[in-house]
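Reading through the structure tokens given below for one structure.
Heavy-atom basis, side chains included; hydrogens, waters and symmetry copies ignored. Residue numbers begin at 1 in each chain, while the letters A, B, ... track the order of the sequences. Predicted model only: the values in this text are computed from it and were never measured.
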Amino acid sequence: MIEVTGLRKSFEGREVLKGIDAVFEPGKINMIIGASGSGKTVTIKCMVGLIEPDHGDIRYSGRTVLGLHIKEKKKIRQEIGMLFQSAALFDSMTVAENVAFPLRMFTKQSEAEIRERVAFCLHRVELDHAGPKYPAEISGGMQKRVGIARAIALDIKYLYCDEPNSGLDPVTSLVIDHLIKEITEEYNITTIINTHDMNSIFEVGDHIMYLYQGQKLWEGSPTEIVESDIPELQDFIFASPFIRNAYQHKLKRK
Amino acid sequence: MYLKELFKEMNKIGIGSLGIVILISVFLGMVTTLQTAYQLIVAWIPPSVIGEIVTETSMLELAPTITGLVLAGRVGSSLASELGTMRVKEQIDALDVMGVNSAAFLVFPKILGSIIVIPMLVVIATFLMIMSGAFIGNNTGIVPYNEFVEGALDIFKVKVFVLSLTKAYTFAFMISSISCYQGYYSSGGATGVGRSSTKAVVWSCVLILFSDYIIAQLFL
């Protein structure tokens, strides 16, 4: 479980996060949604330690991260996996070397054990034969799957995904969404996805948090979100007239 | 893992730059000999003086400084753009999230690799400048081999060699640290990477010239 309390962050006098409180449960897909500039990425970056927040507390299974000694922070970070928007694979390494990287850095496993684990992770994301290829030689969707394989190479407890569907076609997006969902449930991971993809929200979201201008405006389940009476949230969900019409049509049929 | 990175960087910087260093050294050595001879063709000056001048100029100035300036362009831009691209493609963030000390993992092997390899390149450059000078001197009839070598050996001083290496180590540290700094703190997408790369080369060149003067002033 991850608990966030009173998270605040300003850049050059402009307050981007205005005191965010949230609880993210394990085994669930927790989604952070909101328009561009609402503070989603800053929230995630503060949570993973890429940005130091001005105020607030972040606790991983009860352990406060902020103010921890670097060694303790490192321990917690090894329990965190992150799938970046651009996949962030290391260009100079093959797919297999990318997945093996955290194992080589943080474990004392033998080369044979590392090879076995890499094969398992690549099999888990259905990329059994991509090991010898370089990131530039595979598609965007495959790169995201390698990113997931690298994230789960160590036994992680927390998985962050920053816009995992960005730049992908709808079918590949669904494949990635379902893969994240399966892994979350299989390993009982606390997963946090930062997205504004409505398909993902309804397809795999368990708990949704809506950020608006650096504040948490709403949270709930995908079924509750369409019935919320917050105009900003309604405008966000039904930004596309097509989705609004489809939803109204569904209501009429009911 | 760190050792593997160090050897990778040494190979990239050393072997990767060897071609351009050989090319420049050979031509500089030949040109220095020809121009020195052009200025010194007076009957009472023995031809071995050409060997002395070419050797001392190569060791003191040409090999470390010109190699340094060339490597500032070749290695500096490569280090800055590699790290800059890693920064904008979130690869450095990925390392940080994993709990890897990205600065130590990425920057340290590059700086150490440069400090080990660049002085070696400078020694190679010095040797090639002198040898190519001797070759062209002999082949054009300006100065025979034995006289060139005699002059070179007469002028050789350990102090000058140490000074040459001091410059090489200083320039190696400057090129690598400035370029890594520019690349590591790159921002603003592809344009930002280009800007960092340019800054790395410009600052490296300026500081090489400045420190060249300071070292010469202090030691000579």
Side-chain angles (χ1 to χ4, degrees), chain A residues 41 44-52 60 65 68 70-93 97-108 111 114 135-136 143 146-147 150-154 156 158-163 166 192, chain B residues 1-16 75 77-110 113-114 176 179-180 183-194 196-197:
Chain A
T41 301
I44 278 198
K45 285 191 171 178
C46 284
M47 290 174 73
V48 297
L50 289 175
I51 296 177
E52 195 75 19
Y60 284 88
V65 185
L68 263 188
I70 196 146
K71 271 190 181 172
E72 295 297 316
K73 256 188 196 172
K74 210 173 163 183
K75 252 187 206 168
I76 294 179
R77 280 185 167 183
Q78 284 161 29
E79 297 173 1
I80 298 174
M82 185 158 180
L83 174 61
F84 285 84
Q85 194 174 346
S86 58
L89 301 178
F90 306 123
D91 301 324
S92 58
M93 297 180 192
E97 284 167 346
N98 264 282
V99 179
F101 182 80
L103 298 168
R104 292 206 169 103
M105 285 301 288
F106 302 115
T107 69
K108 288 179 178 159
E111 273 306 303
I114 290 175
Q143 287 183 13
V146 177
R150 185 176 66 181
I152 61 167
L154 293 174
I156 56 159
Y158 317 98
L159 176 64
Y160 288 88
C161 306
D162 187 15
E163 303 200 15
S166 139
I192 299 173
Chain B
M1 210 58 188
Y2 282 79
L3 204 63
K4 196 180 158 196
E5 284 299 304
L6 175 65
F7 284 122
K8 209 168 85 182
E9 292 303 331
M10 282 168 62
N11 180 50
K12 227 163 51 181
I13 297 165
I15 305 295
V75 176
S77 64
S78 154
L79 295 181
S81 54
E82 183 187 330
L83 287 176
T85 307
M86 287 188 82
R87 169 65 72 193
V88 299
K89 287 176 87 177
E90 298 178 307
Q91 291 170 22
I92 294 180
D93 286 349
L95 286 171
D96 288 333
V97 170
M98 282 181 209
V100 178
N101 183 339
S102 60
F105 181 72
L106 295 171
V107 175
F108 181 68
K110 287 179 170 53
S114 301
S176 53
S179 307
C180 287
Y184 190 81
Y185 291 104
S186 199
S187 62
T191 318
V193 176
S196 304
S197 189

Flag if over 12 foreign heavy atoms under 6.0 Å of NZ, K12(B): yes

Which portion of K45(A) sits near chain B, non-hydrogen atoms under 4.5 angstrom: side chain

Atom pair CG (D96(B)) and CG (L50(A)), whose distance is rounded to the nearest 0.5 Å: 6.0 Å

Interface moiety of F106(A) toward chain B, non-hydrogen atoms closer than 4.5 Å: side chain

E82(B) side, atom CD; S92(A) side, atom OG - distance, nearest 0.5 Å: 7.0 Å

Max heavy-atom pair count under 4.5 Å with chain B, selected residue of I156(A), L89(A), I76(A), L154(A): L89(A)

Check against side-chain contact (heavy atoms from CB on, under 4.5 Å), F84(A) and V97(B): CA-CA 10 Å; F84(A) 285 84; V97(B) 170; 3.9 Å; yes

Portion of Q85(A) that has a non-hydrogen atom of chain B nearer than 4.5 angstrom: both

CD1 on I80(A) to CE on M98(B), rounded to 0.5 Å: 12.0 Å

Between CD on residue E90(B) and CE on residue M82(A), distance to nearest 0.5 Å: 7.0 Å

Heavy-atom pair with the smallest gap, counting every atom of V100(B) and M105(A): CG1-CE, 3.7 Å

Residue pair N101(B), K74(A): steps toward the side-chain contact (heavy atoms from CB on, under 4.5 Å) verdict: CA-CA 9 Å; N101(B) 183 339; K74(A) 210 173 163 183; over 6 Å; no

Flag if over 12 foreign heavy atoms under 6.0 Å of CZ, F105(B): yes

Contacting region of D162(A) [heavy-atom separation from chain B under 4.5 Å]: side chain

